[in-house]
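See below for the structure under consideration.
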Amino acid sequence: MRRVIAPFSSLAFVCAVALAAAAQVNPPVPAPSGPVNPPGAVATPVAPPTPPGAPASAGPSASGSPEGSPSPLESPSAGPLATPTPPPIIVDPPQVNVEPGKTANARINGVLGAVTATVADPSVATAVVDQVQRVLFVTGVKLGTTTITLTDQRNVTRDVPVRVAYAAGSAADETTLRVTGNPATADYLREAVAKAVEHAATLRPGASVSVTLDSVPIRRDLGVDNRADVDVPVTIAGNGYFTVTGTTHVAIENTALPPIEPARLLVSDYPERLTANGVLFTARLDRSQAQRFLYYHYNPGTEPARRILLKARNSSSAPATVQMIEGSAGPGTNEMEVGHLSTKRFLVRQTRNEGAVTTIPPGATVNLIDHPLPPTNIVSGILQLRLVTGDPLDLALVAQDANAPLDQSADTTQLLSGGAPHARGVYPVPTFYFDRYYDVDGADLEIPIGQLPLPNLRSGEALSGDYGVQQAMNVVIVNMTRGTRSIALYANPRGGRATGTFLIDGTLVQAHALAAFSKFKIWQDTIQAGTFRRIRIVTMPEGGSTYPLRLIFAQDDGSAAPGAPGSPIY
């Protein structure tokens with residue numbers, strides 16, 4: 001029987017294998033007509049039995065994935081979902097600066113619900129939150145720092161640093177500037193506007209105001225009787241203070257005032273080396289005459305920082321108006337450079353009648369000059385002062401500590417003294433005039449500069465070197481020969497190294513420090529046969545240089561022309 005059935009068993013086995021092979025190609029599955037995995041319709045897969053002797057992990061997992069891999073139907077995390085990070089509280093500005101007795105505010109963003117503010121040190125500042133507007137108001141109590149912690153309904157916090165200090169000062173909203181000049185050049189106006197804005201600012205002790213010339217938006221000259229308006233940015237800073245920035249509107253007017261020659265020269269060069277604070281010079285300014293004023297002072301390295309003030313006091317019951325043409329320089333450590341810059345600025349501005357017009361109220365004192373003087377530095381100023389309207393003014397040049405109040409009073413009955421004697425007083429000749437004739441076929445023409453000492457109208461030193469004395473020369477150059485002649489003008493220092501500033505027919509010519517007894521060409525020209533030429537030269541001995549100096553008209557010696565390589569003239 002077994003033999004009969006055996007063939008049929010073999011045939012059945014072959015058919016089963018064939019059917020199994022055919023089953024490897026799955027027929028297309030029709031799209032489901034109902035919902036995929038309806039509720040309760042998902043069957044739980046059952047793992048096949050483990051063959052005898054096989055380890056428990058030998059087979060596939062219940063999901064069909066290797067054991068340890070998450071099921072596609074399960075979350076990758078076996079635990080609960082992670083809590084999202086709450087958005088932070090944002091405060092603008094992130095740090096609050098406030099003055100004592102004043103209130104500052106900051107905007108609060110990114111909060112939920114009510115916000116509480118906790119001040120770490122309520123003796124420094126207090127805080128209040130406007131829940132509707134989401135604004136933090138901080139009131140300064142005393143100088144110092146503290147922290148305010150903001151907390152919202154989510155228990156999210158934000159620390160806000162708070163600093164309580166005074167502002168360094170405040171910029172004026174507006175000011176006016178009256179100038180003279182024919183015209184008032186853009187360069188001069190920028191300097192004058194910057195000084196006017198600085199003068200109009202209110203400062204705390206030890207603070208300083210800064211106005212950069214590039215920030216003054218003036219690019220054109222201003223003619224007589226014309227006006228202009230500019231807005232100028234201001235920065236006020238100081239150690240321990242909040243830095244303040246602002247803008248001052250300046251109304252500028254170029255006032256018509258004719259130039260006028262001074263009748264006296266006032267000089268303050270004693271004590272040249274300062275070792276104490278006090279009054280350096282006093283004078284009286286009235287409408288009968290204009291006066292030129294030269295000051296030159298040095299602050300040693302052993303001394304504290306100082307400032308030089310020129311105070312004008314109006315003791316009358318009517319306002320007074322002063323025109324001042326200013327050529328100041330320094331502070332600086334190079335005495336020759338400071339003296340040169342001061343002289344150059346004055347000569348150029350005087351030629352154009354460029355000055356500032358200041359009104360001094362009745363019973364008031366105004367600082368016409370405020371010149372910083374740190375240790376190891378020198379300051380120099382050449383001024384031309386003219387009282388246009390009002391009763392006489394009392395002038396006082398004062399040295400005081402840099403941080404002392406600008407309105408600090410000074411005893412004008414006692415003048416400082418000490419150290420090597422230098423000029424301090426009133427001198428009768430502010431300008432020397434020369435009219436000279438030079439024949440190109442004759443001897444050289446020499447004109448001495450700074451050689452004649454001036455007597456002092458007060459008790460004190462004579463003025464050697466003629467510092468502050470303007471030298472104005474008109475020279476006629478004649479060529480009566482039959483050929484052209486090349487002639488030149490030379491600078492020849494006779495006392496020591498010297499710088500120089502020369503206005504030659506209105507053209508500015510400057511000399512670097514020239515060695516004593518050297519000779520450098522500062523001008524040259526060719527004079528045609530049978531003709532003549534007029535030339536005008538204006539110069540002034542310069543502080544820090546050693547005068548006298550000679551100007552020499554002579555035949556051109558072929559040396560380097562002014563401004564050429566190798567020439568110290570520019």
Side-chain angles (χ1 to χ4, degrees), residues 260-299 308-313 322 324-328 330 335 338-339 342-343 346 350 368-369 371 373 378-387 392-400 410-433 449-471 495 540-548:
I260 187 171
E261 290 296 320
R264 294 286 186 271
L265 172 64
L266 316 178
V267 176
S268 177
D269 190 24
Y270 176 78
E272 185 175 275
R273 184 184 181 94
L274 299 180
T275 57
N277 294 325
V279 178
L280 295 162
F281 187 86
T282 60
R284 194 163 176 82
L285 182 66
D286 58 36
R287 283 185 288 168
S288 65
Q289 55 189 14
Q291 303 187 65
R292 186 177 302 143
F293 182 35
L294 163 67
Y295 65 87
Y296 187 90
H297 293 284
Y298 168 68
N299 196 24
I308 301 295
L309 302 175
L310 177 60
K311 294 179 173 291
R313 182 170 65 91
V322 178
M324 181 174 71
I325 299 174
E326 177 191 356
S328 60
E335 60 181 2
V338 170
S342 175
T343 306
F346 176 77
Q350 185 204 36
L368 298 177
I369 292 292
H371 212 154
L373 182 53
I378 293 168
V379 292
S380 177
I382 306 174
L383 318 172
Q384 196 145 296
L385 301 167
R386 172 187 180 187
L387 183 61
L393 300 175
D394 294 315
L395 303 177
L397 190 72
V398 178
Q400 68 176 45
D411 182 6
T412 57
T413 63
Q414 297 292 327
L415 297 183
L416 290 175
S417 62
H422 286 272
R424 176 169 68 186
V426 179
Y427 300 91
V429 184
T431 304
F432 284 147
Y433 295 95
I449 304 297
Q451 185 169 302
L452 300 175
L454 290 178
N456 196 339
L457 299 181
R458 295 181 180 178
S459 61
E461 295 292 314
L463 181 63
S464 299
D466 297 339
Y467 299 99
V469 179
Q470 183 171 292
Q471 320 278 319
M540 180 183 288
E542 301 190 339
S545 294
T546 305
Y547 277 67

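Here, residue 1 is the first one in the sequence, and each next residue gets the next number. What you see is a predicted model; the values in this text were computed from it and never measured.
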Look at the side chain of Gln291 and the backbone N and O of Ala283, then say whether any donor-acceptor pair between them is shorter than 3.5 Å. no
Audit row: Thr282, Leu415, side chain to side chain contact (heavy atoms under 4.5 Å, CB included) steps and yes/no: CA-CA 8 Å; Thr282 60; Leu415 297 183; 4.1 Å; yes
Check whether any side-chain heavy atom of Val398 sits under 4.5 Å from a side-chain heavy atom of Leu310, and report yes or no. no
Of all the heavy-atom pairs spanning Leu463 and Ala423, show the shortest one and how long it is. CD1-CB, 3.8 Å
A side-chain contact here means heavy atoms from C-beta on lying under 4.5 Å apart; do Val267 and Leu265 qualify? yes
Less than 4.5 Å apart, any side-chain heavy atom of Glu542 and any of Tyr547? yes
Got a sec, which residues hit side chain to side chain donor-acceptor pair (under 3.5 Å) with Ser328, two or more places apart in sequence or on another chain? Glu326
Find out whether Lys311 and Leu395 are in side-chain contact, i.e. whether some heavy atom of one side chain is under 4.5 Å from a heavy atom of the other. no
Mind jotting down which residue pairs meet the salt bridge (charged side-chain N to carboxylate O under 4.0 Å, His left out) criterion with at least one end in residues 264-283? Sequence neighbours excluded, please. none
What residues form a side chain to side chain donor-acceptor pair (under 3.5 Å) with Tyr296, not counting sequence neighbours? none
For Asp466 and Gly450, work out which heavy atoms get closest and say how close. OD2-CA, 3.3 Å
Is any side-chain heavy atom of Val322 closer than 4.5 Å to a side-chain heavy atom of Leu393? yes
Taking atom CG of Leu385 and atom CG of Leu368, what is their separation to the nearest 0.5 Å? 7.0 Å
Using side chain to side chain contact (heavy atoms under 4.5 Å, CB included) as the criterion, list what pairs up with Thr275, not counting sequence neighbours. Glu303
Restricting to non-hydrogen atoms, name the atom on Ala290 and the atom on Ile260 that form the minimum distance, rounded to 0.1 Å. CB-CG2, 4.1 Å
Any donor-acceptor N/O pair, Ser342 side chain to Val338 backbone, under 3.5 Å: no
Taking all heavy atoms of Tyr295 and all of Ile369, pick out the closest pair and write down the distance. OH-CG2, 3.5 Å
Which heavy atom of Leu387 sits nearest to which heavy atom of Pro392, and what is that distance? CD2-CA, 4.0 Å
Residues passing the side chain to side chain contact (heavy atoms under 4.5 Å, CB included) test with Pro421, sequence neighbours excluded, are Glu461
Kindly write out the residues that satisfy side chain to side chain contact (heavy atoms under 4.5 Å, CB included) with Phe346, not counting sequence neighbours, or none if the list is empty. Arg292, Ile325, Gln350, Ile382, Gln384, Gln470, Met540
Checking Tyr270 side chain against Gly418 main chain: does a donor-acceptor pair fall under 3.5 Å? yes
Within the distance-only criterion (no hydrogens, no angle test), does the side chain of Gln471 pair as donor or acceptor with the backbone N or O of Val469 below 3.5 angstrom? yes
Closest non-hydrogen contact found for Thr431 with Val429 is O-CG1, 3.2 Å
Residues in side chain to side chain donor-acceptor pair (under 3.5 Å) with Asn299, at least two apart? Arg306
For Arg313, side chain to side chain donor-acceptor pair (under 3.5 Å) partners two or more places apart: Asp394
Non-hydrogen side-chain atoms of Leu457 and Pro428 separated by less than 4.5 Å: yes
According to ring-ring contact (aromatic ring centres under 6.0 Å, His included), who are the partners of Phe293, at least two apart in sequence or on a separate chain? Phe281
Supply the atom-to-atom distance Ser464 OG to His422 NE2, rounded to the nearest 0.5 angstrom. 11.0 Å
Got a sec, which residues hit side chain to side chain contact (heavy atoms under 4.5 Å, CB included) with Pro271, two or more places apart in sequence or on another chain? Leu274, Leu280, Leu416, Arg424
Is there a side-chain contact between Ile308 and Leu397, using heavy atoms and a 4.5 Å cut-off? yes
